[in-house]
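As structure tokens, the structure follows; a few thoughts come after it.
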Amino acid sequence: MSAPEEAFRTALTGAMAASPAVQTVLGSPLRLYEERSRDAAYPHASWGKAESREQGAAEVTLIEHRLTLDIWCRDRDAMPTTAAVREAIREIDIVLPAPWRLVSLGPAYSDGFATRDPRVKRGLIRLRALIARS
């Protein structure tokens with residue numbers, strides 16, 4: 001990831017950790033990991049696929065960044081936890097370091113899946129962010 005995308009993910013992680021709504025479902029300290037942790041307490045989250053592309057014009061640098069957040073639950077459906085995190089993210093205010101600013105952030109897609117372990121369910125949230133150079 002380049003600097004603006006990394007700054008966005010860092011700011012989003014910090015904002016999620018400070019959100020009482022996210023803390024309600026993912027704990028405090030926040031159970032959010034770089035990759036899935038089979039040893040972590042449930043429910044927990046991990047970062048998944050990230051992709052970016054420039055959308056800018058001649059005098060504007062605009063980056064569309066898509067980031068996947070996986071929600072892992074044991075012995076219950078992942079969708080209520082996934083929905084709670086998705087809705088909390090809609091309310092989060094994110095400030096990026098200069099010269100970058102967040103233009104928009106929203107969940108583009110969410111779904112729930114079974115895993116190989118019948119006790120573990122996976123929720124997925126794909127976030128779409130537009131990041132502009134000020």
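- Counting non-hydrogen atoms of neighbouring residues, nucleotides and ligands closer than 6.0 angstrom, the CG atom of D117 exceeds 12 such neighbours.
- Considering CE of M16 and CD1 of I89, their distance stands at 4.5 Å, rounded to 0.5 Å.
- The backbone N or O of E6 sits less than 3.5 Å from a side-chain atom of T10, completing a donor-acceptor pair.
- Of the possible donor and acceptor atoms, one in the side chain of H44 sits under 3.5 Å from a partner among the backbone N and O of S37.
- To the nearest 0.5 Å, atoms CD1 (I125) and CG (D111) are separated by 11.0 Å.
- W47 and V120 are members of different hydrophobic clusters when ILVMFWY side chains are connected at heavy-atom separations under 4.5 Å.
- Side-chain contact between L105 and I92: absent, with no pair of heavy atoms (C-beta onward) separated by less than 4.5 Å.
- W72 is not connected to L26 by any chain of hydrophobic side-chain contacts under 4.5 Å among Ile, Leu, Val, Met, Phe, Trp and Tyr, and they are in different clusters.
- Under the side-chain contact (heavy atoms from CB on, under 4.5 Å) rule, I71 has a single partner from V25, V85, L32, which is V85.
- Nearest heavy atom pair, residue A88 against residue A21, reads CB-CB, 3.7 Å.
- One finds the CZ atom of R126 at 7.0 Å from the NZ atom of K49 (value rounded to the nearest 0.5 Å).
- The shortest non-hydrogen separation linking L69 to A45 is CD1-CB, 3.9 Å.
- Under 4.0 Å is where a charged nitrogen must lie from a carboxylate oxygen, and between E54 and R133 no such pair does.
- The two residues G112 and M79 have their closest heavy-atom pair at N-SD, 3.3 Å.
- Here the CG-CZ distance, from D70 to R36, works out to 9.0 Å after rounding to the nearest 0.5 Å.
- In terms of heavy-atom proximity, T82 sits nearest to L124 at CG2-O, 4.0 Å.
- Judged purely by atom type and a 3.5 angstrom limit, Q23 uses its side chain to pair as donor or acceptor with the backbone of A17.
- Cluster membership check: Y42 does not share its hydrophobic cluster with V22, using side-chain heavy-atom separations under 4.5 Å among Ile, Leu, Val, Met, Phe, Trp and Tyr.
- Scanning all heavy atoms of the two residues, the minimum distance from D77 to K121 falls at CA-CG, 4.3 Å.
- Using a cut-off of 4.0 Å between Lys/Arg side-chain N and Asp/Glu carboxylate O, R66 and E51 are scored as not salt-bridged.
- Here CG of L67 is found 6.0 Å from CZ of F8. Values are rounded to the nearest 0.5 Å.
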Check against side-chain contact (heavy atoms from CB on, under 4.5 Å), L130 and I63: CA-CA 6 Å; L130 289 176; I63 299 170; over 6 Å; no
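- To the nearest 0.5 Å, atoms CZ (R74) and CZ (R119) are separated by 5.0 Å.
- Between the side chain of R31 and the main chain of P43, a donor-acceptor pair closer than 3.5 Å is present.
- Residues A108 and R128 come closest through the heavy atom pair CB-CB, 4.2 Å.
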